[in-house]
2 protein chains.
Amino acid sequence: MADTAIPIGELSRRTGCNIETIRYYERIGLLPAPPRRGRYRSYGAEDVGRLGFVRRARELGFTLDEVRALLGLAVGGEASCAEVRDLAAAHLKNVRARIADLRRMERALAESVRACDAGHDAGCPLIQALSAERSGDPRASRARVGSPLGR
Amino acid sequence: MADTAIPIGELSRRTGCNIETIRYYERIGLLPAPPRRGRYRSYGAEDVGRLGFVRRARELGFTLDEVRALLGLAVGGEASCAEVRDLAAAHLKNVRARIADLRRMERALAESVRACDAGHDAGCPLIQALSAERSGDPRASRARVGSPLGR
DNA sequence: GCTTGAGTCTGTAGTCGCTACAGATGGCAT
DNA sequence: ATGCCATCTGTAGCGACTACAGACTCAAGC
């Protein structure tokens with residue numbers, strides 16, 4: 001079996017995680033520093049699991065700090081389930097806010113492109129839309145979660 | 001009128017754009033360096049328009065490079081309308097891809113949270129979902145546009 | 001005239017999550 | 001002995017800001 005003494009390249013292949021990223025995770029303390037075979041890192045089966053966990057959490061959009069928290073909670077048993085749930089729920093809310101933000105963008109963009117396709121008598125409608133001031137407090141959008149400005 | 005000799009703080013207030021960000025835009029050449037009153041930057045009405053344009057384009061999610069291109073095309077008349085349209089259309093595609101990505105996350109998260117709320121007999125279902133390997137090439141998602149990994 | 005406070009200046013470093021090098025080793029096969 | 005690949009460390013870059021530190025200018029109030 002190749003379960004013991006997995007070199008970093010093999011770990012990368014098994015998890016789909018870039019070698020540089022693995023070393024980065026180690027540097028920031030997300031993954032523990034593995035033992036060495038000479039100067040080479042030597043991983044075990046549990047590292048494949050752990051890194052896989054990280055990767056899947058990242059795919060769900062959790063930040064590295066959230067992943068760190070999840071890893072901490074993963075070892076504690078049922079007691080932490082509620083905490084995990086709350087973390088995920090908060091994150092879900094965030095994702096939904098970002099979706100709403102993007103959908104607003106999508107509508108505005110689609111509308112503009114449509115206007116462009118329709119008629120172009122007095123200059124490009126898209127440019128005009130961007131040039132025109134709109135009503136409302138210009139600072140309002142800065143506080144929004146996931147706004148393209150200010151994050 | 002306060003149209004002439006607008007100081008940076010006033011420009012910030014009028015456009016809702018952070019002072020540091022205005023200076024940053026100047027540094028990277030997105031905004032022209034304004035004349036100085038002594039050592040202080042002195043803006044005019046056209047700067048308010050220009051920066052407002054930038055801000056609105058950013059709100060639609062255009063990158064600064066795209067904004068730069070849009071600014072260039074904004075001065076050229078109707079000839080550039082098609083180019084603007086194409087830029088916006090490409091960007092729209094990108095936004096839609098990001099929405100699709102987020103919606104996938106949303107579904108997975110909502111499902112997990114629901115599982116958490118339902119029963120918790122054998123450990124936290126969310127942690128288990130993250131711990132379990134899924135089928136398929138682990139590298140597949142790395143190529144996707146807007147994936148949380150690899151951007 | 002002197003102080004106080006607000007505004008502005010430059011320059012640099014930090015954020016997040018990687019990614020991309022450069023240049024030095026290590027180990028294995030031919 | 002000679003390639004060649006894998007791995008090592010360390011540093012710098014990305015995008016789009018944001019956050020200081022420390023200096024300066026200017027107008028108003030006393």
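The analysis underlying the following values was restricted to heavy atoms, covering all of them including side chains, and did not include hydrogens, waters or symmetry mates. Computed from a prediction, not measured in an experiment: that's the story for all the values here. In the text below, chain A, chain B and the rest are named by the order of the sequence lines, each starting its count at 1.
- For the side chain to side chain contact (heavy atoms under 4.5 Å, CB included) test, residues two or more places apart in sequence or in another chain that qualify with A/Val113 are A/Asp117, B/Arg85, B/Ala88.
- Of all nucleotides listed (C/dT19, C/dT8, D/dA16), C/dT8 comes nearest to the side chain of B/Ile8.
- Pairs of residues two or more places apart, or lying in two chains, that qualify as ring-ring contact (aromatic ring centres under 6.0 Å, His included) and include a residue from residues 84-113 of chain A are A/Phe62-A/His91.
- A/Arg96 pairs by the side chain to side chain donor-acceptor pair (under 3.5 Å) definition with B/Glu106, not counting sequence neighbours.
- End-to-end axis angle for the helix from C/dG1-D/dC30 to C/dT30-D/dA1, using five pairs per end and rounding to 10°, comes out at 30°.
- The pair B/Arg14-B/Glu10 meets the salt-bridge criterion, since a charged nitrogen lies less than 4.0 angstrom from a carboxylate oxygen.
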Acceptor/donor pairs from residues 32-39 of chain A side chains to any protein atom, 3.5 angstrom cut, sequence neighbours excluded:
unit_1: A/Arg36; atom_1: NH1; unit_2: A/Arg39; atom_2: O; d: 2.8

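- Close to C/dG17, at under 4.0 Å from its OP1 or OP2, lies no side-chain N or O of A/Thr21.
- Look at CG on B/Leu51: it is 16 Å from P on D/dA16, rounded to the nearest Å.
- With sequence neighbours excluded, no residue satisfies side chain to side chain donor-acceptor pair (under 3.5 Å) with A/Arg50.
- The distance between atom CG of B/Asp65 and atom C1' of D/dC14, rounded to the nearest whole Å, is 12 Å.
- Between the P atom of C/dT10 and the CZ atom of B/Arg27 lies a distance of 10 Å, rounded to the nearest Å.
- For B/Tyr25, counting side-chain heavy atoms from C-beta on, the closest listed nucleotide (C/dC18, C/dT10, D/dC17) is D/dC17.
- A/Arg23 pairs by the side chain to side chain contact (heavy atoms under 4.5 Å, CB included) definition with A/Ile8, A/Ile19, A/Glu20, A/Arg41, not counting sequence neighbours.
- Regarding contacts with the backbone of D/dA6, every side-chain N or O of A/Arg23 stays at 4.0 angstrom or more from both OP1 and OP2.
- Of the candidate nucleotides C/dG17, C/dT8, D/dC17, D/dC17 has the atom lying nearest to any side-chain atom of B/Tyr24.
- A straight line from CZ of A/Arg41 to C1' of D/dC8 spans 7 Å, rounded to a whole angstrom.
- Scored by the side chain to side chain donor-acceptor pair (under 3.5 Å) test, A/Arg103 finds no partners at all (sequence neighbours excluded).
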Original post:
Along nucleotides 22-28 of chain D, 5' to 3', which nucleotides get a B, which get an S, and which get a -, given that the test is a protein heavy-atom distance under 4.0 Å?
Top reply: --SB---

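- At whole-Å resolution of the value, CG in A/Leu11 and C1' in D/dA6 are 14 Å apart.
- The distance between atom CG of A/Asn18 and atom C1' of D/dA6, rounded to the nearest whole Å, is 14 Å.
- Computed from coordinates, the B/Ile28 CD1 to D/dA16 C1' distance equals 8 Å when rounded to whole Å.
- Nearest-nucleotide positions on DNA chain D for B/Phe62 and A/Ile19 put A/Ile19 closer to the 5' end.
- Residue B/Arg36 has its side chain nearest to C/dT10 when only C/dT10, C/dC18, D/dC17 are considered.
- Hydrophobic clustering (ILVMFWY, side-chain heavy atoms < 4.5 Å, transitive): A/Val48 and A/Leu30 are in one cluster.
- At least one side-chain heavy atom of A/Asp65 sits less than 4.5 Å from a side-chain heavy atom of A/Arg68.
- For the pair A/Ile22 CD1 and C/dT19 P, the interatomic distance rounds to 11 Å; values are reported in whole Å.
- Residue-to-nucleotide proximity on DNA chain C shows that, of B/Pro7 and A/Thr63, the 5′-proximal contact is made by B/Pro7.
- The nearest heavy atom of DNA chain C to B/Glu20 and to A/Glu20 marks one nucleotide each, and the one closer to the 5' end goes with B/Glu20.
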